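These numbers were taken from a predicted model, which means no experiment stands behind them.
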Amino acid sequence: MTCGDDLNEPDLWPNVEVRHTTRENGGLIIRPRDKDGRIFLLVVGTMPNYRVVGWIRSEDAKQERYGWEDVWKVPQSDLRPPPAP
């Protein structure tokens with residue numbers, strides 16, 4: 001796992017990027033420099049309690065309807081649920 005040091009390498013192999021927010025209802029933010037072809041996973045919470053909210057493909061997130069300031073912000077309701085354990 002990486003931690004944002006090298007944007008060419010995904011956080012989780014082979015193509016998953018993990019985004020985090022402490023805001024219970026926070027959205028998943030995608031930036032213009034984020035690579036297409038990757039899955040972006042949103043995690044919410046603070047230590048030691050985290051919740052995996054869902055995921056979206058970068059290409060699906062980069063839509064006008066999610067445009068917010070200079071990024072895309074996808075609401076939790078538009079994310080696909082994580083797979084069951």
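By the 4.5 Å heavy-atom criterion applied to side chains, Ile30 and Val71 are not counted as neighbours. Tyr50 is not listed as a side-chain neighbour of Val44, based on a closest heavy-atom distance of 4.5 Å or more.
Residues Leu42 and Val16 do not share a hydrophobic cluster, clusters being chains of Ile/Leu/Val/Met/Phe/Trp/Tyr side chains in contact below 4.5 Å.
Of all heavy-atom pairs between Val53 and Pro82, the closest is O-CD, 3.3 Å.
Qualifying side-chain contact (heavy atoms from CB on, under 4.5 Å) partners for Asp36, counting only residues two or more places apart in sequence or in other chains: Ser58, Glu59, Lys62. For Glu24, the salt bridge (Lys or Arg N to Asp or Glu O under 4.0 Å) partners two or more places apart in sequence, or in a different chain, are Arg51. Residues forming a side-chain contact (heavy atoms from CB on, under 4.5 Å) with Thr22 (at least two apart in sequence, or on another chain): His20, Thr46. Applying the side-chain contact (heavy atoms from CB on, under 4.5 Å) rule to Arg80 yields the partners Trp55, Asp60; only residues at least two apart in sequence or on another chain are considered.
Sorted by first and then second residue, the side-chain hydrogen bond (donor to acceptor under 3.5 Å, both in side chains) pairs involving residues 65-78 (not counting sequence neighbours) are Gln63-Arg65, Tyr66-Asp78.
Here the CG-CD distance, from Asp11 to Glu17, works out to 4.5 Å after rounding to the nearest 0.5 Å.
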Residues Ile56, Leu28; criterion side-chain contact (heavy atoms from CB on, under 4.5 Å); working and verdict: CA-CA 9 Å; Ile56 192 168; Leu28 184 132; 4.1 Å; yes
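A distance-only check finds a donor-acceptor pair linking the side chain of Arg19 to the backbone of Ile29 [under 3.5 Å].
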